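Written below as C-alpha cells is the structure these notes are about.
Here is the naming used below: chain letters follow the sequence lines, and residue numbers restart at 1 for every chain. Every value quoted in this text rests on a predicted model; they were computed, and no experiment measured them.
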2 protein chains.
Amino acid sequence: MVARRDVFQAIADPTRRAMIGLLANKTLTINEVAGNFGMSQPAISKHMHILTECGLVVMVKIGREKHCRANLKGLEEVTRWTEQYRIFWNQRLDALEDLLNADND
Amino acid sequence: MVARRDVFQAIADPTRRAMIGLLANKTLTINEVAGNFGMSQPAISKHMHILTECGLVVMVKIGREKHCRANLKGLEEVTRWTEQYRIFWNQRLDALEDLLNADND
DNA sequence: TGTTTGTATAACCAATCGGTTATGCATTAA
DNA sequence: TTAATGCATAACCGATTGGTTATACAAACA
C-alpha cells in the first residue's frame, strides 16, 4: 500500500527536473532550494515532497533545517524504459512510407 | 507559437507509454490501438493526439482510417536528460551520511 | 441512394496540479 | 523568556488531466 508516486510523473514537471539538477551533487536546505526558484516556500515544499515520495530526493532533518539531496537511482527506471526503444530511433518508418505511397497511387 | 507538447509530459501517463510500446514496431489504426485498452475511442484519440503533438507518433490517413506508428527519436531527449545523472546513481550520498552522523553527536 | 464504419469534436465531469496566502509549530537566537 | 527562523500544513484558486457520452462528418459499403 506504498502508493509511491511514479517517477515518470515526478520528472514531468520542469521545476522538479531543475530541482534534481540542483541537488544532484549538492546538499541544500529547503530554503536554499527555494532561493533558486521564483516561487513561494510552500510551493517548493510541495515539489520536494513529491520528489521524496518517489525516492528521487532524500531529506535529513537537522534541527529546524531539512537538508536535501538527490538520490538518482530511481532514474534508472526511466532510462531502462527509453533504452528499450533506442533501436527504433533511427528507423526509417518504411511501413509508414509504404502507406504514404499507397495513398498516392 | 508551436506550443508542442513536452515529451516528458507525454510519457508521464502509463496508457501513453503502453501505446508507444504497441506502436514501436507495428503500424495500427486508431481502432486497432483502442482494441488494446479498456477505454472509449475518444479517450484513445485524445491520447494519440497528445503523442502526435510531441512527435512521438506519426499518423497517415488512408481513406477513413488513420494508420499510426511510433517515431521514437523524441525519446532521445529523455535519455539525454537521465544519462547526465548516471554517474550519480551509485553514489553513496556520503554528504548526507555525514549529516546523519552530525545529527547523532 | 441509404447505411455503416472510422475518427474527431463538443460538452461535460470529477480529480489532480501547481500555485497562492495565512497560519501553526518546533527550533534557534537574543 | 521572547523573538525570529525554517518548514509544513490548511484552505483556497484557476487550469489541466483523463475520462465519459453524444454528435458530426467523411469514406466505404449495400
key: Whole-Å gap separating P (dG18(D)) and CZ (Arg5(B))   = 8 Å

inquiry  = What is the distance, to the nearest angstrom, from the NE2 atom on His67(A) to the P atom on dG6(D)?
reply    = 11 Å

request  = Using whole Å, report how far CE of Met48(A) lies from C1' of dG6(D).
outcome  = 14 Å

request  = Calculate, to the nearest 0.5 Å, the distance between atoms CD1 and CD belonging to Ile44(B) and Glu32(B) respectively.
outcome  = 12.5 Å

ask   = For the base of dT5(C), is there a side-chain donor-acceptor partner from Arg64(B) under 3.5 Å away?
value = yes

ask   = Closest nucleotide of DNA chain C for Asp13(A) versus for Gln41(A): which of these residues is on the 5' side?
value = Asp13(A)

message = As a test of understanding, state which of Gln41(B), His49(B), His47(B) forms a side chain to side chain donor-acceptor pair (under 3.5 Å) with Ser45(B).
response = Gln41(B)

query = If you check the Lys66(A) side chain, which of dT21(C), dC7(D), dG18(D) turns out closest?
reply = dC7(D)

ask   = Can you tell which of dG19(D), dG19(C), dT17(D) lies closest to the side chain of Met39(A)?
value = dG19(C)

query = What is the distance, rounded to the nearest whole Å, between atom NZ of Lys61(B) and atom P of dA8(C)?
reply = 8 Å

query = Is Asn31(A) near enough to dC7(D) that one of its side-chain N or O atoms lies under 4.0 angstrom from OP1 or OP2?
reply = yes

request  = Classify the angle between the aromatic ring planes of Tyr85(B) and Phe88(B) as parallel (below 30°), tilted (30 to 60°) or perpendicular (above 60°).
outcome  = tilted

inquiry  = Rounded to whole Å, please give me the gap between NE2 in His47(B) and C1' in dT20(D).
reply    = 12 Å

query = Applying the 4.5 Å side-chain criterion to the ILVMFWY set and letting contacts propagate, would Leu75(B) and Leu22(B) be lumped into a single cluster?
reply = yes

ask   = Mapping Arg16(B) and Ser45(A) onto DNA chain D by nearest heavy atom, which one lands closer to the 5' end?
value = Ser45(A)

key: Of the listed nucleotides dG18(C), dG6(C), dA22(C), the one nearest the side chain of Lys46(A)   = dG18(C)

task = Measure the distance from NE2 on His49(A) to P on dC17(C) and round it to the nearest whole Å.
result = 11 Å

key: Interatomic distance, Phe8(A) CZ vs dT16(C) P [rounded to whole Å]   = 21 Å

query = Where do Arg17(A) and Ile11(A) come nearest, in terms of heavy atoms and distance?
reply = NH1-O, 2.7 Å

key: Nearest-angstrom distance from the residue atom CG of Leu51(B) to P of dG18(D)   = 11 Å

request  = Give one of base, sugar-phosphate or nothing for Gln9(B), where a contact means two heavy atoms less than 4.0 Å apart.
outcome  = sugar-phosphate

message = Given dC7(D), dG6(C), dG18(D), identify the nucleotide with an atom nearest to the side chain of Glu65(A).
response = dC7(D)

